[in-house]
Amino acid sequence: MIDNKSKYTAFIKSEAKRLGFLSCGISKSGFLEEEAPRLEKWLNQNQHGQMSYMENHFDKRLNPNLLVEDAKSVVSLLLNYYPSETQIDDTYKISKYAYGQDYHFVIKEKLKELLSSIQENIGEVSGRAFVDCAPVLDKAWAAKSGLGWMGKNTNLITKTIGSFYFIAELIIDLELEYDFATTDHCGTCTACIDACPTEAIVAPYIVDGSKCISYFTIELKDNIPTEMKGKFNDWAFGCDICQDVCPWNKFSKSHQEPLFNANLDLLSFSKKDWEEITEETFQKVFKNSAVKRTKFDGLTRNISFLKG
């Protein structure tokens, strides 16, 4: 006889698949003991730069029970964003995750539907959905639930599909069957460390966020430091270098989410198009895009910096 925990777990995983998620793993909610000293050291060494929000809610980042009362399970989900087409060569680049519509809204809708389906089919279940905008250590939870391992570039990596996917969570007050962490398969490879032009991967499994191209082009509100001139490899928003060189990303497969399809204008933008971009074009091309996070002024600052 199948007990309720098995039945509910199977139902949640099948619903996640129906909604287009790549995979779903489940962990028992509780304090992340191993992550606590790592996070504290990272913050103390100021490796978060101007991302002061990382200092907030330290306890909540480590304990989902402070986010959801009586939390029992953390349901981690992956959603593929690897594109079938990329930008033309010799142009200013943006991270592949920002080609289509802003993932926050796309995933939030899917999570709302998943939670609603759980409540309709299982009963009174309380919980909250999280997509990279709350104090949740999503990569740690995804690794804990066996969806992949934390690579030397601190991205979650899976053997079957690499690392080009978003991570999201549902934290719920329902007891389920729990998955186990997988093993690390980075081995002796240092491709990501060797390829990072700003040396942001300061040691295996440690990224100094304040040296990362993504930080400079998205998070930093001041002028980009002059000592970074010539080190950005034409990245104008975000950076995919440490993922592009990862051998496991040879197994990346194109996503099947129409909302992540790139605006065709964006894919064909030449350097001249980027350098002459107007606010009107910016609003049109990046209407519902994550690129809006850096705003028009931020993007033009980045392009001016790259142009030199």
Side-chain angles (χ1 to χ4, degrees), residues 20-25 34-35 38 42 47 76-100 103 132 137-168 179-209 211-218 231-257 260 262 267 290:
F21 287 104
L22 193 62
S23 48
C24 170
E34 283 180 33
E35 295 301 320
R38 277 186 219 150
W42 189 77
Q47 292 183 338
S76 293
L77 302 132
L78 305 182
L79 187 65
N80 186 13
Y81 66 80
Y82 190 73
S84 54
E85 294 179 274
T86 53
Q87 291 173 270
I88 59 168
D89 294 332
D90 192 30
T91 191
Y92 299 125
K93 295 171 281 195
I94 72 166
S95 274
K96 296 175 190 67
Y97 79 80
Y99 278 10
Y103 64 96
D132 186 31
L137 295 178
D138 50 11
K139 289 183 281 192
W141 283 109
K144 197 176 167 71
S145 62
L147 296 184
W149 71 93
M150 203 90 84
K152 289 178 185 174
N153 59 3
T154 74
N155 281 318
L156 189 83
I157 304 174
T158 66
K159 284 172 84 172
T160 51
I161 203 159
S163 63
F164 286 105
Y165 40 70
F166 301 114
I167 307 174
D179 297 298
F180 300 99
T182 184
T183 46
D184 184 313
H185 296 276
C186 283
T188 57
C189 178
T190 56
C192 58
I193 298 170
D194 301 337
C196 180
T198 58
E199 299 178 357
I201 309 172
V202 292
Y205 312 103
I206 301 171
V207 170
D208 183 340
K211 290 182 177 178
C212 181
I213 294 172
S214 289
Y215 168 77
F216 289 122
T217 55
I218 302 171
K231 292 186 177 180
F232 280 19
N233 290 23
D234 286 333
W235 287 96
F237 179 92
C239 175
D240 288 338
I241 292 172
C242 69
Q243 295 195 83
D244 286 337
V245 300
C246 176
W248 292 109
N249 277 321
K250 287 186 298 203
F251 303 108
S252 297
K253 299 174 183 74
S254 302
H255 68 76
Q256 301 299 311
E257 175 51 70
F260 289 159
L267 295 183

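Positions are given from 1, in the same order as the sequence printed here. Below, all heavy atoms of this structure are taken into account, side chains as well, without hydrogens, waters or symmetry copies.
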Quiz item: Do Tyr92 and Gln87 have side-chain heavy atoms sitting under 4.5 Å apart?
Solution: no
Self-check item: Sole candidate of Phe251, Phe164, Tyr165, Phe260 that passes ring-ring contact (aromatic ring centres under 6.0 Å, His included) when paired with Tyr82
Solution: Phe164
Quiz item: Are side-chain heavy atoms of Thr183 and Trp149 found at a separation under 4.5 Å?
Solution: no
Practice problem: Hey, could you give me the CG/OG1 distance between Leu156 and Thr182, rounded to the nearest 0.5 Å? | Solution: 10.0 Å
Quiz item: Just checking, is any N or O donor in the side chain of Asp138 or Ser76 under 3.5 Å from an acceptor N or O on the other one?
Solution: no
Quiz item: What is the distance from atom NZ of Lys144 to atom CD of Glu34, rounded to the nearest 0.5 Å?
Solution: 7.5 Å
Quiz item: What distance do Ile94 atom CD1 and Leu267 atom CG have between them, rounded to the nearest 0.5 Å?
Solution: 8.5 Å
Exercise. Report yes if some heavy atom in the side chain of Lys253 is under 4.5 Å from a heavy atom in the side chain of Ile161; otherwise report no.
Key: yes
Quiz item: Which of parallel (below 30°), tilted (30 to 60°) and perpendicular (above 60°) describes His185 and Trp248?
Solution: perpendicular
Quiz prompt | Side chains of Val207 and Val202 in contact at under 4.5 Å (non-hydrogen atoms) | solution = no
Self-check item: Side-chain heavy-atom pair Ile213, Asn233 within 4.5 angstrom cut-off
Solution: no
Practice problem: Could you check if a side-chain atom of Asp184 sits within less than 4.5 angstrom of a side-chain atom of Tyr205, using non-hydrogen atoms only? | Solution: yes
Quiz item: How far apart are the C-alpha atoms of Leu77 and Phe166, what are their side-chain angles, what is the distance that settles it, and do they pass the side chain to side chain contact (heavy atoms under 4.5 Å, CB included) test?
Solution: CA-CA 8 Å; Leu77 302 132; Phe166 301 114; over 6 Å; no
Exercise. With rounding to the nearest 0.5 Å, note down the distance linking CG in Asn153 to SG in Cys186.
Key: 7.0 Å
Quiz prompt | CZ-NZ distance between Phe237 and Lys93, expressed to the nearest 0.5 angstrom | solution = 15.5 Å
Quiz item: Has the side chain of Lys139 got a donor or acceptor atom that lies under 3.5 Å from a matching backbone atom of Met150?
Solution: no
Quiz item: Do Trp141 and Leu147 touch side chain to side chain, with heavy atoms closer than 4.5 Å?
Solution: no
Quiz item: Between Ile157 and Gly151, which heavy-atom pair has the shortest distance, and what is it?
Solution: CD1-CA, 3.6 Å
Quiz item: Under 3.5 Å, side chain of Asn80 to main-chain N/O of Leu22, donor-acceptor pair present?
Solution: no
Quiz prompt | Ser214 side chain vs Cys239 backbone, donor-acceptor pair below 3.5 Å | solution = yes
Self-check item: Where Ser145 and Ala142 come nearest, the two heavy atoms and their spacing
Solution: OG-O, 3.1 Å
Self-check item: Ser163 OG to Asn249 CG distance, which is reported to the nearest 0.5 Å
Solution: 3.5 Å
Self-check item: For Cys242 against Val245, the heavy-atom pair lying closest together
Solution: O-CG2, 3.8 Å
Quiz item: Closest heavy-atom contact between Glu35 and Leu137?
Solution: CB-CD1, 4.0 Å
Self-check item: Lys152 side chain to Gly187 backbone, donor-acceptor under 3.5 Å
Solution: yes
Quiz item: Which heavy atom of Ser95 sits nearest a heavy atom of Asp240, and at what distance?
Solution: OG-OD1, 3.2 Å
Quiz item: Can you name the closest pair of heavy atoms from Thr217 and Ala236 and give their distance?
Solution: CB-O, 3.6 Å
Quiz item: Is Ile193 close to Pro204 at the side-chain level, that is, under 4.5 Å between some pair of heavy atoms?
Solution: yes
Exercise. May I ask you to say whether Lys96 pairs ionically with Asp244, meaning some side-chain N is under 4.0 Å from a carboxylate O?
Key: yes
